[in-house]
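This report refers to the structure that appears directly beneath it.
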Amino acid sequence: MADTDAKASNFIRNIIDADLAANKFAQRRWSGQPGPATSLKVSHGGTPSEIDTAKIRTRFPPEPNGYLHYGHAKSICLNFGLALDYAGACHLRFDDTNPEKEEQEYVDSIVDAVKWLGFDWGPNLYYASNYFDWMYEFAEYLIQSGNAYVDSQSADEMRASRGTLTEGGKASPYRSRSAAESLALFRRMKAGEFADGAHVLRAKIDMASGNINLRDPAIYRIKRATHHNTGDKWCLYPMYTYAHPIEDALENITHSICTLEFEDQRPFYDWLLDKLAEGGLLQRPLPQQIEFARLNLSYVVLSKRKLIQLVEEKRVDGWDDPRMPTLVGARRRGFTPEGFRRFAEMIGVAKADAWIDMSVLEGCMRDHMNETAERRIAVLDPVKLVIENYPEEDEELCEAPNHPQKPELGKRPIPFSKELWIEREDFAETPPKGYFRLFPGNTVRLRYGFVVKCTGCVKDDTGHITAVHCIYLPETKSGTPGADSVKVKGNIHWVSAKHAYAAEVRLYDRLFKVESPGAGGRDVIDDLNPESKRVITAQLEPALKDAQAEERFQFERHGYFVADRIDSKSGTPVFNRAVTLKDSWTAK
RNA sequence: UGGGGCUUCGCCAAGCUGGUUAAGGCACCGGAUUUUGAUUCCGGCAUACCCAGGUUCGAAUCCUGGAGCCCCAGCCA
């Protein structure tokens, strides 16, 4: 994955370049562990802290409350990619400050997903919840320095006095409470003396600010819930707004990259860290928050609420359904990590709201698998082809290259006999204009086999074609001197009927049939593509019987398929279609 | 005049410390190769940068005014 080509410029790289040119981070120290400035004077081992050797530090900070999706892939590639390019480090950090929503199951799946995408956080796997003690101490400092107070209004009262988008808010009657009184109350909150919601700790900033986030945001709330990591140690938990900047600072993050909706939060981010640095609690330079536009993909929904709906209403087969835009789903679908990385590179990073067409992602997957997937033959909609002049009991081997552009991947034998399966759509009794496959009187090559001439077809009482007939030209076998003695335009694939492996194949297509599912107030359910999943029994070349779970192939003239990692059994793989081949014929 | 942000080819996106023929990718359209109607290759593809004024020898880049779109009133993240 060593990318030597210059990366496309973007505004974040420009910021980093400027920071590095100014030597902004040269004196940062890092003891090897996250911690406040006070812990940096000497490291935990008792020796002086070292200069941070990571040129930059970024982080991917998911909340473990759901499965990662395509949108996260963009952020992961961005953060880890930047760290790689700049000889920095990227931390995987669980932003687990709300125990009511978070579960171990999700942290496990997130770890798997990031690994699967090909990234490595080394020793830098962290949990916000491990910083709760420091966050608490910092909060006491804020109270003592007059920058925070305990508010005893109800949630409703707080909302009412916060004002509106166009009018400032009014101060809480508790805003003028003395630091000593707030501190005492805060300690009692920690000790569990109050019911949930009875009090809240608020930063004291500016109730009249045009930016609502600066109107004394709540930073700690009482919440009795068992935390997946800290258990029942705490009954009050920090809010994201307060916790996130501190997490970044404790971890020496240089560039804290997040999505646009947090832009209004940045003034608070800076305010908080500045106050704490003033108090000697954090080292400077402080991390800086940088916002970029999140991924919007056509034909896809990425909102957690809607994804949950799909799963709960059983519109899909779970979170890892190959049609789901989750990373676990993508993996089962046969999408590749390289494809995602290519996609992230291709769409770039900017601040303008952009809609990327799903076909771009599909194209990236196609590109990558075109380079890497071995070719195999599969007949998805089989109809018999009977070779009239081929002896009944005979059979012979033909040879097929595993990759047309990579001879080093070798060849494999495929058996040939009198009765073959071919694709129903490769025969036409009356061919449309421009059609150059099988039709009465026409010759085509059976790919890697012989040239055959179509003699007609057989139908049942209802007019349904049950078999196609042809004669073969024995001297035209692929790889023999006479192979090219007969020129043909058409080239179709086939599988020997008596040697074929009949397998379950799932043909997946886009989950939604419209560009913006759920737009205009519609229920996303109404926009579901009824043909997003078709399960068929296909006739595959015998070699495919040995496919290993998660092995990917190009089924020639069809697309890219993967042996399902869950349902494949040894000797009986089941295949999922990841994406079709580009088709400029049926597109017409 | 609540606050913040965005607007460059069909889709992304460089460029924005003023002077380039306005990068690059994807898509698309030609043509060549091809035992995948795939791939690959070669060629084409913005006198134009949301609009209107202004400054300047010169503006996508600076100034003024305007338009459109997105985000914010959780004790969610």
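Residue numbers begin at 1 in each chain, while the letters A, B, ... track the order of the sequences. Computed over heavy atoms, backbone and side chain alike; hydrogens, waters and symmetry mates excluded.
- A distance-only check finds a donor-acceptor pair linking the side chain of A/D96 to the backbone of A/S129 [under 3.5 Å].
- Only A/M239, A/Y240, listed by number, bring a heavy atom of residues 234-244 of chain A to less than 4.0 angstrom from any atom of RNA chain B.
- Residues meeting the ring pair (Phe, Tyr, Trp, His ring centres under 6.0 Å) test with A/W494, sequence neighbours left out: A/F416.
- Nearest nucleotide to the side chain of A/I212, out of B/A13, B/A73, B/C12: B/A73.
- Here the nucleotide nearest the side chain of A/A352, chosen from B/U36, B/U7, B/A77, is B/U7.
- The base of B/U39 lies close enough to the side chain of A/Q405 for a donor and an acceptor atom to sit less than 3.5 Å apart.
- Ring planes of A/Y126 and A/Y131: tilted class, angle from 30 to 60°.
- Across B/G15, B/C72, B/A77, the shortest atom-to-atom separation from the side chain of A/N14 is found for B/G15.
- The base of B/U39 lies outside donor-acceptor range of the side chain of A/E371, with no N or O pair under 3.5 Å.
- Of the candidate nucleotides B/U35, B/A38, B/A14, B/U35 has the atom lying nearest to any side-chain atom of A/S478.
- Between the side chain of A/D264 and the base of B/G3, at least one donor-acceptor pair of N or O atoms lies under 3.5 Å.
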Listed pairs, N/O of protein and of nucleotides 23-29 of chain B, under 3.5 Å:
none

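- Put simply, the side chain of A/R159 and the base of B/G74 share no donor and acceptor less than 3.5 Å apart.
- Here the side chain of A/Y448 is nearest to one of B/C70, B/U36, B/U35, namely B/U35.
- With B/U36, B/U39, B/A13 as the candidates, the nucleotide lying closest to the side chain of A/N370 is B/U39.
- Partners of A/R376 according to the salt bridge (Lys or Arg N to Asp or Glu O under 4.0 Å) rule, which considers only residues two or more places apart in sequence or in another chain, are A/E374.
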Pull out every protein N or O sitting under 3.5 Å from an N or O of nucleotides 18-22 of chain B, one pair per line with the distance.
none

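- With B/C72, B/C75, B/G37 as the candidates, the nucleotide lying closest to the side chain of A/S584 is B/G37.
- The side chain of A/R162 places an N or O atom within less than 4.0 Å of a non-bridging phosphate oxygen (OP1 or OP2) of B/G74.
- Considering only side-chain N and O atoms, A/R266 lies nowhere under 4.0 angstrom from the phosphate OP1 or OP2 of B/G4.
- Distances from the side chain of A/A354 to the nucleotides B/G37, B/C6, B/A13 place B/A13 closest.
- Glycosidic conformation, B/G74: syn, with the torsion inside 90° of 0.
- OP1 and OP2 of B/A38 both lie 4.0 Å or more from every side-chain N or O belonging to A/N491.
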Problem set entry | Dot-bracket line, read 5' to 3' along RNA chain B, where crossing pairs take [ ] and | marks a partner on another strand, Watson-Crick or G-U under 3.5 Å | .(((((((.[[[..)...(....]]].(((((.......))))).....[[[[[..)....]]]]])))))).....

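- Although no hydrogens or angles enter the test, the distance criterion places a donor-acceptor pair under 3.5 Å between the side chain of A/N211 and the main chain of A/D264.
- Side chain of A/T164, nearest nucleotide from B/C75, B/A73, B/G3: B/A73.
- Applying the 4.0 Å criterion to OP1 and OP2 of B/U35, one finds that A/K487 has every side-chain N and O outside that range.
- The listed nucleotides are B/U36, B/C76, B/G15; the one nearest the side chain of A/R221 is B/C76.
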